[in-house]
Peer 1: 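Take this structure, written in structure tokens, and hold onto it; I'll ask about it next.
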Amino acid sequence: MRAVHRHRDRVGVVEVALDQVRALGARCDRGRRRTPGLRREEVAELAGVSLTWYTWLEQARKIAASPQVVDALARALRLSPAEHRHLRALSGLPDLSEHEDTDDSRLQRLVDALMPNLAVVHDGRLDFVVWNAAFARIRVDPAELPADRRNLLWWMFTDERTRAMMPRWEPAARAILGQFRALVGRTPDDPHLNALVAALTEASPQFRTWWQDYPVQDFRASTITLDHPAAGPVSLDVYQLRLVENPDLLMVVHLPVTADDRARIATLLDNDPAN
């Protein structure tokens with residue numbers, strides 16, 4: 001990989017501790033060095049791989065690279081988080097999902113700016129992070145859910161009010177479940193997700209039955225219809241977007257389909273005592 005070669009040239013011996021490289025048996029006499037950065041054998045030693053394997057990697061030969069080896073190379077080359085993720089992507093490995101924390105107040109301003117459209121942001125486990133007043137009034141106010149159950153799956157499968165409002169609740173719930181199953185498959189050892197699966201299996205017979213079918217599904221453009229007790233029938237186009245600054249965060253936006261839908265939502269929000 002040319003990217004690995006360039007990173008090796010960029011890293012100075014002093015950056016990785018000269019005595020550490022000497023201890024590994026590499027020749028580090030700065031007066032005789034001909035490479036601008038680390039030698040191949042030095043990177044190989046620091047990463048704990050053979051020189052032949054590392055040479056083949058730089059030459060872009062078809063070789064297997066485990067996550068542990070790629071992560072060790074990232075440490076040896078002093079890669080930034082973004083460069084580390086890029087190296088994993090080049091190696092065909094999943095993202096580490098180690099992104100800088102995003103300020104919740106910044107996210108709140110984003111969803112508030114989308115009013116009167118419904119907007120909500122979920123984290124990598126589909127927990128609710130922020131939402132705007134339209135989402136809270138039309139769909140659900142996550143603040144009213146138990147603190148340890150403010151999660152999209154928990155709400156969808158245990159909230160009877162939501163189920164009563166959705167004439168086509170089943171296909172919507174199955175679609176969300178398919179996305180959740182794919183998420184769990186990518187992080188099977190996440191204790192939070194495993195605890196949520198156990199709790200939903202206990203709380204929802206429907207979840208328990210469908211979960212055994214092993215559903216997996218990507219998001220598909222969809223339109224949902226609500227029979228809202230205060231606003232009346234409302235149809236909403238559903239969009240999902242990822243934030244570049246933190247791709248673990250998922251923003252879901254609901255847009256009224258027709259002018260009548262927009263008017264019903266606007267009337268409900270205008271008459272909301274909380275506004």
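All values below come from the heavy atoms of this structure, side chains included, with hydrogens, waters and symmetry mates left out. Worth saying up front: this structure is predicted, and the values here are computed from it rather than measured.
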Peer 1: Under the rule for side chain to side chain donor-acceptor pair (under 3.5 Å), what residues qualify as partners of E170, not counting sequence neighbours?
Peer 2: R174

Peer 1: With sequence neighbours left out, what residues match W211 under ring pair (Phe, Tyr, Trp, His ring centres under 6.0 Å)?
Peer 2: F180, F207

Peer 1: Can you name the nearest heavy-atom pair linking P116 to A134, along with the distance?
Peer 2: O-CB, 3.4 Å

Peer 1: Run the numbers on L241 and V253 for side chain to side chain contact (heavy atoms under 4.5 Å, CB included), then give the verdict.
Peer 2: CA-CA 8 Å; L241 305 95; V253 180; 3.9 Å; yes

Peer 1: Please determine whether side-chain hydrogen bond (donor to acceptor under 3.5 Å, both in side chains) holds for the pair T225 and S235, giving the CA-CA distance in whole Å, both sets of side-chain angles, and the decisive distance to 0.1 Å.
Peer 2: CA-CA 4 Å; T225 298; S235 293; 3.2 Å; yes

Peer 1: Sequence neighbours excluded, which residues qualify as side-chain contact (heavy atoms from CB on, under 4.5 Å) partners of T52?
Peer 2: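 side-chain contact (heavy atoms from CB on, under 4.5 Å) check on T52 returns S50, W56.
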
Peer 1: Membership question, hydrophobic clusters at under 4.5 Å side-chain separation (ILVMFWY): are L145 and L153 in the same one?
Peer 2: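 Yes, L153 connects to L145 through the hydrophobic network.
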
Peer 1: Between N132 and A119, is there a donor-acceptor pair closer than 3.5 Å when you use the side chain of the first and the backbone of the second?
Peer 2: yes

Peer 1: Report yes if the side chains of P256 and V234 come closer than 4.5 Å at any heavy-atom pair, otherwise no.
Peer 2: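 Contact flag for P256/V234 side chains = no.
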
Peer 1: When rounded to the nearest 0.5 angstrom, what distance separates OG in S105 from CG in L110?
Peer 2: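 Spacing of OG (S105) from CG (L110) equals 11.5 Å.
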
Peer 1: Please enumerate all residues that pass side-chain contact (heavy atoms from CB on, under 4.5 Å) together with P229, with sequence neighbours excluded.
Peer 2: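 Counting only residues at least two positions away or on another chain, P229 forms a side-chain contact (heavy atoms from CB on, under 4.5 Å) with M165.
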
Peer 1: When the ring planes of W210 and F157 are compared, do they come out parallel, tilted or perpendicular, using 30° and 60° as the limits?
Peer 2: perpendicular

Peer 1: Side-chain contact test, heavy atoms from C-beta onward, threshold under 4.5 Å: evaluate it for L269 versus M115 and give yes or no.
Peer 2: yes

Peer 1: Any chain of hydrophobic side-chain contacts (each under 4.5 Å) joining L193 to V216?
Peer 2: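 L193 and V216: separate clusters.
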
Peer 1: Does the side chain of R264 pick up a donor-acceptor pair with the side chain of H228 at under 3.5 Å?
Peer 2: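 Result is no, nothing qualifies.
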
Peer 1: What I'd like to find out is whether the side chain of R168 reaches to under 4.5 Å of the side chain of I224, using heavy atoms alone.
Peer 2: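 They are not in side-chain contact.
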
Peer 1: Which residues pass the side-chain contact (heavy atoms from CB on, under 4.5 Å) test with H192, sequence neighbours left out?
Peer 2: R125, D127, D190

Peer 1: Salt bridge or not between R208 and E202? Use side-chain N to carboxylate O under 4.0 Å.
Peer 2: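 Salt bridge flag = no for E202 with R208.
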
Peer 1: Pick one: which of H122, R220, Q179 meets side-chain contact (heavy atoms from CB on, under 4.5 Å) with Q240?
Peer 2: Q179

Peer 1: Nearest 0.5 Å please: distance from the CG atom of L118 over to the CH2 atom of W131.
Peer 2: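 Taking CG in L118 and CH2 in W131, the distance rounds to 14.0 Å.
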
Peer 1: If you apply the rule side chain to side chain contact (heavy atoms under 4.5 Å, CB included), what do you find for L243 with L107, and how did you get there?
Peer 2: CA-CA 10 Å; L243 278 69; L107 296 175; 3.4 Å; yes

Peer 1: Side-chain contact, heavy-atom cut-off 4.5 Å: V120 with V130?
Peer 2: no

Peer 1: Between R149 and A199, what is the shortest heavy-atom contact and its length?
Peer 2: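 So the minimum-distance heavy-atom pair works out to NH2-CB, 3.3 Å.
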
Peer 1: Rounded to the nearest 0.5 Å, what separation is found between the CH2 atom of W169 and the OG1 atom of T162?
Peer 2: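 Here the rounded value is 10.5 Å.
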
Peer 1: Which heavy-atom pair separates P188 from G185 by the least distance, and what is that distance?
Peer 2: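 Heavy atoms only, the tightest pair is CD-O, 3.5 Å.
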
Peer 1: Side chains of T258 and D261: any donor to acceptor distance under 3.5 Å?
Peer 2: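 Yes.
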
Peer 1: Between R109 and D112, is the closest basic N to carboxylate O distance under 4.0 Å?
Peer 2: no

Peer 1: Between F128 and F135, is there a side-chain heavy-atom distance shorter than 4.5 Å?
Peer 2: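 F135 reaches F128 side chain to side chain.
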
Peer 1: Does the pair V121 and L250 meet the rule for a side chain to side chain contact (heavy atoms under 4.5 Å, CB included), with working shown?
Peer 2: CA-CA 6 Å; V121 174; L250 175 68; over 6 Å; no

Peer 1: Using every non-hydrogen atom in the two residues, find where A173 and M156 come nearest and quote the distance to one decimal.
Peer 2: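 Answer, listing the atom of A173 first, then M156: N-CE, 3.8 Å.
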
Peer 1: Roughly how far, to the nearest 0.5 Å, is CG of L236 from CG of L255?
Peer 2: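 Taking CG in L255 and CG in L236, the distance rounds to 8.0 Å.
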
Peer 1: Kindly compute the distance separating CG (L196) from CG (N151), expressed to the nearest 0.5 Å.
Peer 2: 4.5 Å

Peer 1: Treating S204 as the side-chain partner and L200 as the backbone partner, does any N or O pair qualify as donor plus acceptor under 3.5 Å?
Peer 2: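 Side chain of S204 to backbone of L200: no pair is present.
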
Peer 1: Excluding sequence neighbours, so at least two apart, what forms side-chain contact (heavy atoms from CB on, under 4.5 Å) with A164?
Peer 2: none

Peer 1: Go through the steps to decide whether M166 and L226 satisfy the test side chain to side chain contact (heavy atoms under 4.5 Å, CB included), and finish with yes or no.
Peer 2: CA-CA 5 Å; M166 300 183 69; L226 307 177; 3.7 Å; yes

Peer 1: Can you measure from NE2 (H254) to CG (L114) and round to the nearest 0.5 angstrom?
Peer 2: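 So the NE2 of H254 and the CG of L114 are separated by 12.5 Å.
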
Peer 1: If we ignore hydrogens and angles and just use 3.5 Å, is the side chain of R161 paired with the main-chain N or O of R139 as donor and acceptor?
Peer 2: yes

